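Here is the structure we will look at.
Throughout, protein chains are lettered first and strands after them, A, B, ... in sequence-line order, and every chain is numbered starting at 1. Since the model is a prediction, treat every value here as computed from it, not as a measurement.
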Protein chains: 2
Amino acid sequence: MDKKELLLNAALKLFVNHGFHGTATSKIAQEAGVANGTLFQYFKTKDDLVIDLYIHIKEDLAEYVSKNTDHQADIKEAIKTQILSSLYWALDNPTHFQFIQQVHTSPYIGKIDQTILNKQVEPHLTLIQKGIKQKVLKQLPADLLYTLITHQVFGLYQFITSKNLSKKKQHETIQTTFDLLWDMLS
Amino acid sequence: MDKKELLLNAALKLFVNHGFHGTATSKIAQEAGVANGTLFQYFKTKDDLVIDLYIHIKEDLAEYVSKNTDHQADIKEAIKTQILSSLYWALDNPTHFQFIQQVHTSPYIGKIDQTILNKQVEPHLTLIQKGIKQKVLKQLPADLLYTLITHQVFGLYQFITSKNLSKKKQHETIQTTFDLLWDMLS
DNA sequence: ATTATGATTGACTAATCAGTCACAAAGGTA
DNA sequence: TACCTTTGTGACTGATTAGTCAATCATAAT
């Protein structure tokens, strides 16, 4: 088993449960079943580990969403799949998703290369821009719509995970909420 | 000047800039211009300080919103003032607002007394319930609508603070976004 | 002037931290 | 076998941590 992967998994688990500085590097190594010094062979510093982990997770999410998006389909369908697959990924990977949110509201977000962040947003943004041009979406700045959509996903995620809904009720809520969102956007 | 207040202000500033565990209690005392040990006379532990600060800030926000809400006005107007005054408070107190968000995505949120959290949500929730009953809002669970509204405010806050909009453009964006939100809710 | 009180101090401690380093194990090549 | 490179180890270090505590201070009551 790849030790770098073991370390990233251990770090993710501990960061979400105890926070960044609340998690000692020695504890991460221990959780990964790896020697103390090995961590610093794969990551120059603890901060590097945090940033690496964040980018790694965001790539996973982006890949999952991209895999599910049919770029031939009509705009509404394409946007819907992007949103829903993001959400289903979040529900299937709650720890990963919580970590992303943790980084977003922490000082670490400023330390991450902006070009990498932009590249990850791009596919969503171009789709929205296409939607605006085709008058499927309201005539408003694309990045405003993008931010609102993103936070709607955060909100829906929070709602679903805070309740204990059955799979069926869950699916129902997601559908209704997407319809609400579409009322807002179109 | 009240030393407890000095400590809370210093802690807020440092927590937002360096994270919770990234901020040493000694640094907080130093920033507050107070001796090391004094901090532990006002707060039993560092965790206590974090939780105290969070509740303190949330009370400030709740008071501000309540002060601005006209409970005689019609539902749409009342809800609108609640949302807009939350947002304006956030824009006027960015550090406070960032701290709230930081706590929401951290393990600390689990350590805060649920009954206090519920009491703070209550005035918003009852207003929404009234709106649903009067068929001004869509016939959906009140707490779902509440979560979506909250996250819309987060999203709009993020959008506005990430751009450098003029006061006028800012106000315009807020108005448009509220109209969007209302399209979604009603 | 003396005593009492509670707030404030900062030196102190035991524990913990991120990061280093000298060495050992593993694996490939010949 | 012998030799070299890569990878992994864990004891170690100097710095920093949360929290303690005996001592000091300002104020006021007697």
Quick test: give all pairs of protein nitrogen or oxygen and nucleotides 24-27 of chain D nitrogen or oxygen below 3.5 Å, distance rounded to 0.1 Å.
none

>> With a 4.0 Å cut-off on N to O distance, would you call E172(B) and K169(B) a salt bridge?
In response: yes

>> Tell me the closest heavy-atom pair linking I109(B) and H104(B), and the distance in Å.
In response: CD1-CD2, 3.7 Å

>> In this structure, how many angstroms lie between the C1' atom of dC21(D) and the CG atom of L39(B), rounded?
In response: 16 Å

> Rounded to the nearest 0.5 Å, how far apart are CG of L39(B) and CD of Q30(B)?
Replying inline: 12.5 Å

>> Taking the ring centre of each residue, are Y108(B) and F20(B) less than 6.0 Å apart?
In response: yes

> Which atoms form the tightest heavy-atom contact between I75(A) and L127(A), and what is the distance?
Replying inline: CD1-O, 4.0 Å

> Separation of N36(A) atom CG from dA11(D) atom C1', in whole Å?
Replying inline: 9 Å

> Which listed nucleotide (dG8(D), dT17(D), dG10(D)) is nearest to the side chain of K27(B)?
Replying inline: dT17(D)

>> Using every non-hydrogen atom in the two residues, find where Q129(A) and A142(A) come nearest and quote the distance to one decimal.
In response: CG-CB, 3.7 Å

> Out of T176(B), T173(B), L181(B), L180(B), which residue meets the side chain to side chain contact (heavy atoms under 4.5 Å, CB included) rule with L156(B)?
Replying inline: T173(B)

Taking only distance into account, with no hydrogens and no angle test, what donor-acceptor pairs under 3.5 Å do side-chain atoms of residues 88-102 of chain A form with protein atoms, sequence neighbours excluded?
residue, atom, partner, partner atom, Å
Y88(A), OH, H171(A), NE2, 3.4
N93(A), ND2, W89(A), O, 2.8
Q102(A), NE2, T105(B), O, 3.4

> First and last nucleotide of DNA chain C in contact with chain A, 5' to 3', at under 4.0 Å to a heavy atom: what are they?
Replying inline: dC17(C) to dT20(C)

> With sequence neighbours left out, what residues match H56(B) under ring-ring contact (aromatic ring centres under 6.0 Å, His included)?
Replying inline: none

> In residues 11-23 of chain A, which residues come under 4.0 Å of DNA chain C by heavy atom?
Replying inline: T23(A)

>> Tell me which residues in residues 41-57 of chain A lie within less than 4.0 Å of DNA chain C, going by non-hydrogen atoms.
In response: T45(A), K46(A)

>> Nearest whole Å is fine: how far is dT7(D) C1' from F40(A) CZ?
In response: 17 Å

>> Go through it in stages, so that I can follow the logic: the residues are V136(A) and I79(A), the test is side-chain contact (heavy atoms from CB on, under 4.5 Å), and I'd like the CA-CA distance, side-chain angles, deciding distance and then a yes or no.
In response: CA-CA 11 Å; V136(A) 176; I79(A) 291 178; over 6 Å; no

>> Rounded to whole Å, how long is the line connecting atom CD1 of I28(B) with atom P of dG19(D)?
In response: 11 Å

>> Let me confirm one number: the CZ-CD distance from F178(A) to Q175(A), rounded to the nearest 0.5 Å.
In response: 8.5 Å

>> I'd like to check L7(A) versus K4(A) (side-chain heavy atoms, cut-off strictly below 4.5 Å). Are they in contact?
In response: no

> Between atom CG in L6(A) and atom P in dT9(D), what is the gap in whole Å?
Replying inline: 11 Å

> Should T38(A) and F43(A) count as side-chain neighbours, where that means a heavy-atom distance under 4.5 Å?
Replying inline: no

